[in-house]
Amino acid sequence: MQGILKAGIYIVGTPIGNLSDLSPRAVEILKSCDVIACEDTRVTGVLAQRFDINTQRISMHDHNEREVFPKIIERVQNGEAVAVVSDSGMPMISDPGFRLVRAAREADLYITVIPGPTAVISALCLSGFPTDKFYFGGFLPEKSMARAKALRDVLRIPGTIVFYESPNRLEDSLRDMAVICPERKVAVVREITKLYEETKIDLPAGLIHSYSRDGWPRGEIVLVIEPAADIKLSDEEIREIVQDVISSATTSKDAAVIIAERARVSKNEAYDLVLREKQG
């Protein structure tokens, strides 16, 4: 089939749920290329069967990308067109592929993109939070201390914040948010474009209460955190935050970190507030 498409790398976006979202151009590229590099050949096989795509499929995932991409580069240098897909959405967005593209750039090969859905942007739109500035942090860390640090590191960024999350860790993440950013609403967006698509928005404590009562959700989940309010808190509001944090934080240093985020003051100011409150 060599020659139908220009030799190069074709980054192809695929549906994040509803297979009907695959674009006609994506179908054409996947049918016309010489090989499709897939995160999971079986998952892409379902898509291929739906659209009668009979192109050869090879596996390229997180565990073998370093071994596979030199072979793909060689195939392109020999005149082949290689499409790259992930299991869903845009390749390289918390999925493998960037090493291949970087190597292709270094080899001065042709690279193009066939855009498709991505859960990051879809969830951001569904949340109703500001979209002019946003930060995407991939998946939150699994361990509680690392997850809390990741949250504290990004919550000062001006704009909406988006994370992917596993349903098995959703409760832990919301409980961390209930401590670190209890005043900021969170959208839990799940199963985007699928039958049971749902967006639930509340403060972290409200979401915990709701899910504890009704059952914790399953499926693909995106967390969207609203930006910090652009207002200056009163001295009384700050003192209430200090008292709330001190009652649960283990050390003055831990308390200061949380207060700095919630009250939007410097860490030094927060630490002074903690010491002042403890001294009565």
Side-chain angles (χ1 to χ4, degrees), residues 1-125 134-139 162-164 191-194 220 222:
M1 197 176 290
Q2 290 184 357
I4 294 179
L5 289 177
K6 180 178 179 178
I9 304 291
Y10 294 76
I11 304 166
V12 182
T14 58
I16 57 177
N18 191 319
L19 296 186
S20 298
D21 290 336
L22 188 67
S23 73
R25 181 173 172 233
V27 174
E28 179 185 350
I29 294 295
L30 294 177
K31 285 185 175 182
S32 303
C33 65
D34 295 289
V35 64
I36 304 171
C38 316
E39 189 176 0
D40 187 323
T41 57
R42 295 164 299 181
V43 172
T44 303
V46 174
L47 191 71
Q49 184 175 21
R50 166 74 178 270
F51 292 94
D52 194 27
I53 298 167
N54 299 310
T55 308
Q56 175 194 4
R57 299 189 297 275
I58 61 173
S59 177
M60 186 184 73
H61 47 72
D62 280 329
H63 303 296
N64 74 352
E65 184 182 0
R66 293 179 186 275
E67 302 171 14
V68 172
F69 80 72
K71 299 174 184 177
I72 293 176
I73 295 296
E74 184 178 355
R75 294 182 73 149
V76 175
Q77 290 172 329
N78 288 334
E80 293 191 16
V82 180
V84 179
V85 300
S86 59
D87 286 349
S88 63
M90 286 299 299
M92 286 158 263
I93 308 300
S94 286
D95 283 324
F98 84 88
R99 293 183 183 89
L100 170 64
V101 172
R102 183 172 58 191
R105 289 284 177 208
E106 292 171 353
D108 198 26
L109 301 178
Y110 174 73
I111 308 169
T112 191
V113 63
I114 297 82
T118 173
V120 179
I121 302 301
S122 301
L124 180 64
C125 294
F134 72 93
Y135 169 85
F136 173 57
F139 280 92
V162 186
F163 286 108
Y164 288 158
E191 295 293 89
I192 300 172
T193 76
K194 299 179 184 177
E220 303 287 337
V222 185

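These numbers were taken from a predicted model, which means no experiment stands behind them.
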Show your reasoning for whether side-chain contact (heavy atoms from CB on, under 4.5 Å) applies to I58 and T41.
-> CA-CA 7 Å; I58 61 173; T41 57; 5.8 Å; no
Where do R75 and K71 land on the side-chain contact (heavy atoms from CB on, under 4.5 Å) test, with the steps shown first?
-> CA-CA 6 Å; R75 294 182 73 149; K71 299 174 184 177; 5.6 Å; no
Would you confirm whether D34, through its side chain, and A81, through its main-chain N or O, come within 3.5 Å as a donor-acceptor pair?
-> yes
CD (Q77) with more than 12 external heavy atoms under 6.0 Å | yes
Sub-4.5 Å side-chain heavy-atom contact between I73 and L100 = yes
Of the non-hydrogen atoms in S88 and D95, which two are nearest, and what is the gap between them?
-> O-OD2, 3.9 Å
Any side-chain heavy-atom pair from F136 and I121 closer than 4.5 angstrom?
-> no
Is the shortest heavy-atom distance from the side chain of P15 to the side chain of T193 under 4.5 Å?
-> no
Is the number of heavy atoms from other residues, nucleotides or ligands within 6.0 Å of CD (E220) greater than 12?
-> no
How many angstroms lie between atom CD1 of I53 and atom CG of L22, to the nearest 0.5 angstrom?
-> 6.0 Å
Only pairs at least two apart or in different chains count here, so list each ring pair (Phe, Tyr, Trp, His ring centres under 6.0 Å) that has a residue in residues 69-109.
-> none
Tell me, do L30 and V85 make a side-chain contact under 4.5 Å, heavy atoms counted?
-> yes
Any luck finding a side-chain donor-acceptor pair between S59 and R42 under 3.5 Å?
-> no
Scanning both residues in full, the closest heavy-atom pair of A104 with I111 reads CB-CD1, 3.6 Å
Taken to the nearest 0.5 Å, the spacing of I4 CD1 from S32 OG works out to 5.5 Å
The reported gap from CG in N54 to CZ in R57 (rounded to nearest 0.5 angstrom) is 9.0 Å
Minimal non-hydrogen separation, S122 against I192, with atom names = CB-CG2, 3.9 Å
Separation between CG (D62) and CD (E39), nearest 0.5 Å, reads 6.5 Å
Flag if over 12 foreign heavy atoms under 6.0 Å of NZ, K194 = yes
Closest heavy-atom pair and its distance - A7, Y110 | O-CB, 3.5 Å
Distance col, row E65:CD vs M60:CE, nearest 0.5 angstrom, shows 5.0 Å
Is there a side-chain contact between R50 and V46 (heavy atoms, below 4.5 Å)?
-> no
Short side-chain to backbone donor-acceptor contact, D40 and D87, under 3.5 Å = no
So, the side chain of T118 versus the backbone of M90: is there a donor-acceptor pair under 3.5 Å, distance only?
-> no
Looking at OG of S86 and CD1 of I11, how far apart are the two atoms once the value is rounded to the nearest 0.5 Å?
-> 11.0 Å
Shortest non-hydrogen contact from V12 to A83?
-> CG2-CB, 4.1 Å
Side chain proximity check, I72 to V84, heavy atoms < 4.5 angstrom | no
Going through the distances and angles, do V43 and C38 end up as a side-chain contact (heavy atoms from CB on, under 4.5 Å)?
-> CA-CA 8 Å; V43 172; C38 316; over 6 Å; no
Non-hydrogen side-chain atoms of V120 and V222 separated by less than 4.5 Å | no
D21 versus P117, closest heavy-atom pair with distance = CB-CG, 4.1 Å
